[in-house]
Amino acid sequence: QVQLVESGGGLVQAGGSLRLSCAASGRTFSNYAMAWFRQAPGKEREFVASITRGGSSTYYADSVKGRFTISRDNAKNTVSLQMNSLKSEDTAVYYCAADYRGTGARMRAMYDYWGQGTQVTVSS
């Protein structure tokens with residue numbers, strides 16, 4: 001089992017920044033690729049960004065490329081999402097997820113463990 005706890009969400013104006021963090025506990029964190037997904041009201045949960053086990057590769061949804069940065073610290077068992085130039089369409093609940101296969105895939109079904117989510121609201 002891996003337990004994931006997100007933090008850092010909140011209310012921010014359009015154009016502002018937020019940094020989300022996800023703390024992992026349980027099994028060896030470095031064995032997992034990690035990702036962020038988000039779900040807006042009335043919409044499907046969608047891929048935002050992912051990072052492979054050692055952090056050498058990162059992947060982004062086109063909608064956030066150039067604005068968001070995913071990173072991880074395997075010594076501290078954390079993964080972060082730096083979000084800049086936020087837009088109203090970024091408003092959603094953001095979820096941290098862990099993938100034992102280590103691929104950093106974009107599909108929800110590839111992820112074994114999920115956090116409870118943290119709300120991000122961007123006001124225009």
Side-chain angles (χ1 to χ4, degrees):
Q1 275 290 65
V2 174
Q3 292 77 44
L4 302 172
V5 179
E6 302 95 337
S7 62
L11 174 64
V12 63
Q13 288 188 330
S17 299
L18 276 177
R19 185 176 181 87
L20 304 183
S21 292
C22 173
S25 60
R27 297 189 176 177
T28 305
F29 179 70
S30 58
N31 285 347
Y32 294 82
M34 300 298 296
W36 289 93
F37 286 75
R38 68 186 181 186
Q39 188 166 16
K43 294 190 176 181
E44 294 288 316
R45 192 171 299 188
E46 65 174 3
F47 172 81
V48 175
S50 62
I51 187 167
T52 51
R53 290 168 174 147
S56 60
S57 297
T58 56
Y59 306 94
Y60 296 93
D62 288 344
S63 59
V64 307
K65 202 172 293 183
R67 300 188 297 123
F68 291 11
T69 303
I70 189 171
S71 61
R72 67 187 297 161
D73 185 336
N74 285 345
K76 295 183 178 180
N77 291 357
T78 58
V79 59
S80 299
L81 186 69
Q82 178 66 42
M83 305 187 294
N84 298 329
S85 302
L86 283 161
K87 306 175 181 179
S88 57
E89 51 263 44
D90 295 319
T91 295
V93 177
Y94 283 70
Y95 297 90
C96 174
D99 166 24
Y100 186 70
R101 298 163 191 82
T103 63
R106 296 170 182 259
M107 296 175 291
R108 284 185 302 171
M110 299 296 287
Y111 289 83
D112 306 288
Y113 300 102
W114 294 83
Q116 292 300 305
T118 185
Q119 176 71 47
V120 171
T121 303
V122 183
S123 63
S124 56

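We use all heavy atoms of the structure for the numbers below, so side chains are in, but hydrogens, waters and symmetry mates are not. Quantities reported herein were computed from a predicted structural model and do not represent experimental measurements.
Remark: R45 qualifies as a cation-pi partner of W114 under the 6.0 Å distance and 45° angle criteria applied to the six-membered ring. Taking the ring centre of F29 as origin, the terminal cationic atom of R72 falls inside the region bounded by 6.0 Å and 45° from the ring axis.
Side-chain contact between V122 and E89 is absent, with no heavy atoms from C-beta onward closer than 4.5 Å. When side chains are defined from C-beta on, V79 counts as touching I70, because their heavy atoms get closer than 4.5 Å. Between S17 and Q82, some side-chain heavy-atom pair lies under the 4.5 Å cut-off. Side-chain contact between D112 and V2: absent, with no pair of heavy atoms (C-beta onward) separated by less than 4.5 Å.
Nearest heavy-atom pair across G104 and Y59 is O-CD1, 3.8 Å. Heavy atoms only, all atoms of each residue included: S85 and R67 are closest at O-NH1, 2.9 Å. Between F37 and V48, the shortest heavy-atom contact is C-CG2, 3.8 Å. Residues V12 and L86 share a closest heavy-atom pair of CG1-CD1, 3.6 Å. Taking every heavy atom of both residues into account, R53 and N74 meet most closely at O-ND2, 3.0 Å. Between T52 and T103, the shortest heavy-atom contact is CG2-O, 4.1 Å.
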(request) I would like to know whether Q119 and L11 meet side-chain contact (heavy atoms from CB on, under 4.5 Å); could you show each step before the answer? (result) CA-CA 8 Å; Q119 176 71 47; L11 174 64; over 6 Å; no
(message) Between R108 and E46, is the salt bridge (Lys or Arg N to Asp or Glu O under 4.0 Å) condition met? List the steps.
(response) CA-CA 8 Å; R108 284 185 302 171; E46 65 174 3; over 6 Å; no
(message) R38 vs S63, test: side-chain contact (heavy atoms from CB on, under 4.5 Å). Steps then yes/no.
(response) CA-CA 12 Å; R38 68 186 181 186; S63 59; 3.5 Å; yes
(request) Using the side-chain contact (heavy atoms from CB on, under 4.5 Å) rule, take Q39 and E44 through it: C-alpha gap first, then chi angles, then the decisive distance, then the call. (result) CA-CA 6 Å; Q39 188 166 16; E44 294 288 316; 5.7 Å; no
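The hydrophobic clustering, which links ILVMFWY residues whose side-chain heavy atoms are closer than 4.5 Å, places F47 and W36 apart. Y60 and Y95 fall into different hydrophobic clusters, where Ile, Leu, Val, Met, Phe, Trp and Tyr residues are linked whenever their side-chain heavy atoms come under 4.5 Å apart, directly or through other members. Placement of M107 and Y113 in two distinct hydrophobic clusters is found when ILVMFWY residues are connected by side-chain heavy-atom separations under 4.5 Å, directly or transitively. Side-chain heavy atoms closer than 4.5 Å link hydrophobic residues (I, L, V, M, F, W, Y) into clusters, and following such links, possibly through other members, connects L20 to I51. Under the 4.5 Å side-chain heavy-atom criterion for grouping Ile, Leu, Val, Met, Phe, Trp and Tyr, Y111 is not connected to M34 through any hydrophobic cluster.
The aromatic rings of F68 and Y94 sit tilted relative to each other, their planes meeting at an angle between 30° and 60°.
Around OH of Y100, the count of heavy atoms belonging to other residues, nucleotides or ligands within 6.0 Å does not exceed 12. Within a 6.0 Å radius of CZ in R27, no more than 12 heavy atoms belonging to other residues, nucleotides or ligands are found. In the displayed structure, Q116 atom CD is contacted under 6.0 Å by at most 12 heavy atoms of other residues, nucleotides or ligands.
Rounded to the nearest 0.5 Å, atoms CD (E6) and SG (C22) are 5.0 Å apart. Expressed to the nearest 0.5 Å, how far CG of N84 lies from CZ of R19 amounts to 9.5 Å. Note that CG of L81 and OG of S71 are 8.5 Å apart. Values are rounded to the nearest 0.5 Å.
A side-chain donor-acceptor contact under 3.5 Å links T118 to the backbone of G9.
Side-chain contact of D73 with T78: a donor-acceptor pair under 3.5 Å is absent, judged by distance alone.
A salt bridge links K65 with D62: the distance from a Lys NZ or Arg NE/NH1/NH2 to an Asp or Glu carboxylate oxygen falls below 4.0 Å.
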